[in-house]
Novice: 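Structure incoming, see below.
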Amino acid sequence: RRPPKSTLSSSSAASDVYKRQLYFLGMEHDNNPQSVVYEEIKGKLDYFIDKYNQSKITAVIESYIPPLKSEQEMISEFGASGFLTFQANKLNIPVCCPEPPKEYCLMKAVEKYDYSPLKVWLWLFLNVLYYSLGDKGNLDVSKIKNLLWVRNYGQQIFKLNDYTFIIKELERLLDKKLPTTIENLTEIKFDPQTIYKLQTPFLKENYLNDIGNVINLERDRYITKQIINLLSEEKAVFALFGHNHAIAQEPAYLEYLKI
């Protein structure tokens, strides 16, 4: 489901900002330790270190800070974020992950954009379902805990108890009968591409795409503010994100850095 080939792509904000103390790399996900992209990242990091006092540099990644393992394991399991974390640890460079709290973007979709909590809950369910599916559309028993977390999370954050809404709406969207309990979803074979299209922020086919879009937008706004805060503290920031995030965040950095 991920792009098979990684392409490193520096945005214009990342290509000539050494004097501004920010280097922002956008790239596609790649978990192949043999990929040449990792040599490129290492070269750019080394160049950035040469330009700045190493004690002022902060490495910034998305999602979360992964646990340290061997270099190959870091790439295989966590991709570019794992590789940058490994390299930064070797150099005693701090790693920062400026992600918003889990509920932040979901509540923004409800409070700022007026989407119903039930629909935002359904989007979260589909998003987690997509990333829990095997390549053939099967849902392994070990992944059920992810969906149980979504059910409990909706009850906790949105104070919702009507899980039947999710099942009924999924049945309508997928045009198929589904079990009434999460545990029995292992009996169903899903089409990963269909689930992807339902929840991705990069399409405009249904209201769930719109919810995904505003959640993504608020996530990028939050991350951008945290990185600008680091720059305002005179940190030298070496950031590595998926390239859609680099594109979305670029205008704010251009404005802040007055490039």
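Excluded from the calculations below are hydrogen atoms, water molecules and symmetry mates; all remaining heavy atoms, backbone and side chain alike, are included.
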Novice: Taking atom CD of Glu205 as the centre, report whether more than 12 heavy atoms of other residues, nucleotides or ligands fall under 6.0 Å from it.
Specialist: yes

Novice: How far does CG of Leu198 sit from CG of Asn209, to the nearest 0.5 angstrom?
Specialist: 7.5 Å

Novice: Can you tell me if Ser232 uses its side chain to pair, donor with acceptor, with the backbone of Asn229 under 3.5 Å?
Specialist: yes

Novice: Is any side-chain heavy atom of Leu231 closer than 4.5 Å to a side-chain heavy atom of Lys235?
Specialist: no

Novice: If you take all heavy atoms of Gly242 and Glu62, which pair is closest and at what distance?
Specialist: N-OE2, 2.6 Å

Novice: For the CD atom on Gln155, are there more than 12 heavy atoms of other groups (residues, nucleotides or ligands in this structure) within a distance under 6.0 Å?
Specialist: yes

Novice: Side chain of Thr200, backbone of Leu203: donor and acceptor closer than 3.5 Å?
Specialist: no

Novice: Which value, rounded to the nearest 0.5 Å, describes the distance between Asp162 atom CG and Ile167 atom CD1?
Specialist: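 It is 11.0 Å, given to the nearest 0.5 Å.
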
Novice: Could you check whether Glu77 pairs with Lys69 (Lys NZ or Arg NE/NH1/NH2 to Asp/Glu carboxylate O, under 4.0 Å)?
Specialist: yes

Novice: So that I can tick it off, tell me whether Lys168 and Glu171 are bridged by a salt bridge, with the cut-off set at under 4.0 angstrom between side-chain N and carboxylate O.
Specialist: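 Looking at Glu171 and Lys168, the cut-off is not met.
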
Novice: Please determine whether a side-chain nitrogen of the Lys or Arg among Glu111 and Lys108 lies less than 4.0 Å from a carboxylate oxygen of the Asp or Glu.
Specialist: no

Novice: Is a salt bridge present between Lys42 and Glu39, judged by a nitrogen-to-oxygen distance below 4.0 Å?
Specialist: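 Result for this pair is no, no salt bridge flagged.
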
Novice: Kindly indicate whether the side chain of Phe238, heavy atoms from C-beta on, has any atom under 4.5 Å from the side chain of Tyr47.
Specialist: no

Novice: Is the closest side-chain donor-acceptor distance between Glu99 and Tyr104 under 3.5 Å?
Specialist: no

Novice: Minimum heavy-atom separation for Ser70 to Phe86, with atom names?
Specialist: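 Nearest heavy atoms, Ser70 then Phe86: C-CE1, 4.0 Å.
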
Novice: Treating Trp121 as the side-chain partner and Phe165 as the backbone partner, does any N or O pair qualify as donor plus acceptor under 3.5 Å?
Specialist: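 Checked: no pair found.
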
Novice: Grab the two heavy atoms, one from Pro66 and one from Ser81, that are nearest each other, plus how far apart they are.
Specialist: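 Heavy-atom minimum between the residues: CG-O, 4.4 Å.
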
Novice: Are side-chain heavy atoms of Asn184 and Ile182 found at a separation under 4.5 Å?
Specialist: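 No. Closest side-chain heavy atoms not under 4.5 Å.
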
Novice: Classify the ring geometry of Tyr130 against Tyr196: parallel below 30°, tilted from 30° to 60°, perpendicular beyond 60°.
Specialist: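 Tilted, since the angle between the ring planes falls between 30° and 60°.
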
Novice: In the structure I gave you, are the side-chain heavy atoms of Thr180 and Thr164 within less than 4.5 Å of one another anywhere?
Specialist: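 No - every pair of side-chain heavy atoms lies 4.5 Å or more apart.
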
Novice: Any sub-3.5 Å donor-acceptor pair from Asn213's side-chain atoms to Asn216's backbone N or O?
Specialist: no

Novice: Nearest 0.5 Å, please: how far is CG in Leu84 from CG in Leu25?
Specialist: 9.0 Å

Novice: Do other residues, nucleotides or ligands put more than 12 heavy atoms under 6.0 Å from Lys176 NZ?
Specialist: yes

Novice: Of the non-hydrogen atoms in Pro98 and Cys96, which two are nearest, and what is the gap between them?
Specialist: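 Shortest heavy-atom separation between Pro98 and Cys96 comes out as CD-O, 3.7 Å.
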
Novice: Does a sphere of radius 6.0 Å around NZ in Lys102 hold more than 12 heavy atoms from other residues, nucleotides or ligands, not counting ones at 6.0 Å or beyond?
Specialist: no

Novice: What heavy-atom pair brings Ala80 and Tyr38 nearest, and what distance separates the two atoms?
Specialist: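 Answer, listing the atom of Ala80 first, then Tyr38: N-OH, 3.3 Å.
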
Novice: Can you tell me how far OG of Ser132 sits from CG of Asn127, rounded to the nearest 0.5 angstrom?
Specialist: 9.0 Å

Novice: Shortest non-hydrogen contact from Val110 to Phe158?
Specialist: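 Nearest heavy atoms, Val110 then Phe158: CG2-CE2, 3.9 Å.
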
Novice: Can a side-chain donor-acceptor contact be found between Gln156 and Glu103 if the only test is distance below 3.5 angstrom?
Specialist: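 Their side chains do not contain a donor-acceptor pair, so the 3.5 Å distance test is not met.
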
Novice: Does the ring of Tyr207 carry Lys119 above it, NZ/CZ under 6.0 angstrom from centre and within 45° of its axis?
Specialist: yes

Novice: Please state whether the rings of Phe24 and Tyr253 are parallel, tilted or perpendicular, taking 30° and 60° as the class boundaries.
Specialist: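 The arrangement is tilted - the two ring planes meet at 30° to 60°.
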
Novice: Counting C-beta onward and ignoring hydrogens, is there a side-chain heavy-atom pair between Ser35 and Phe83 closer than 4.5 Å?
Specialist: no

Novice: For Asp175, I'd like to know if atom CG has over 12 heavy atoms of other residues, nucleotides or ligands within 6.0 Å.
Specialist: no

Novice: Does the Asn32 side chain pair with the main chain of Gln34, one donor and one acceptor, at a distance under 3.5 Å?
Specialist: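 Such a contact is found between Asn32 side chain and Gln34 backbone.
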
Novice: Under 3.5 Å, is there a donor on one side chain and an acceptor on the other for Ser76 and Glu73?
Specialist: no

Novice: Can you measure from OH (Tyr23) to CD1 (Ile49) and round to the nearest 0.5 angstrom?
Specialist: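 It is 13.0 Å, given to the nearest 0.5 Å.
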
Novice: So Thr186 and Ile144, do their side chains get closer than 4.5 Å, heavy atoms only?
Specialist: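 Answer yes - side chains close enough.
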
Novice: Are any of the side-chain heavy atoms of Thr85 and Phe78 separated by less than 4.5 Å?
Specialist: no

Novice: Between Val128 and Leu124, does a side-chain contact (heavy atoms from CB on, under 4.5 Å) hold up when you go through it step by step?
Specialist: CA-CA 6 Å; Val128 172; Leu124 180 62; 4.2 Å; yes

Novice: Under a 3.5 Å distance rule, please check whether Gln54 uses its side chain to pair with a backbone N or O of Leu91 as donor and acceptor.
Specialist: yes

Novice: Can you tell me how far CE of Met27 sits from CG of Asn244, rounded to the nearest 0.5 angstrom?
Specialist: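 Going from CG on Asn244 over to CE on Met27, the span is 13.0 Å.
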
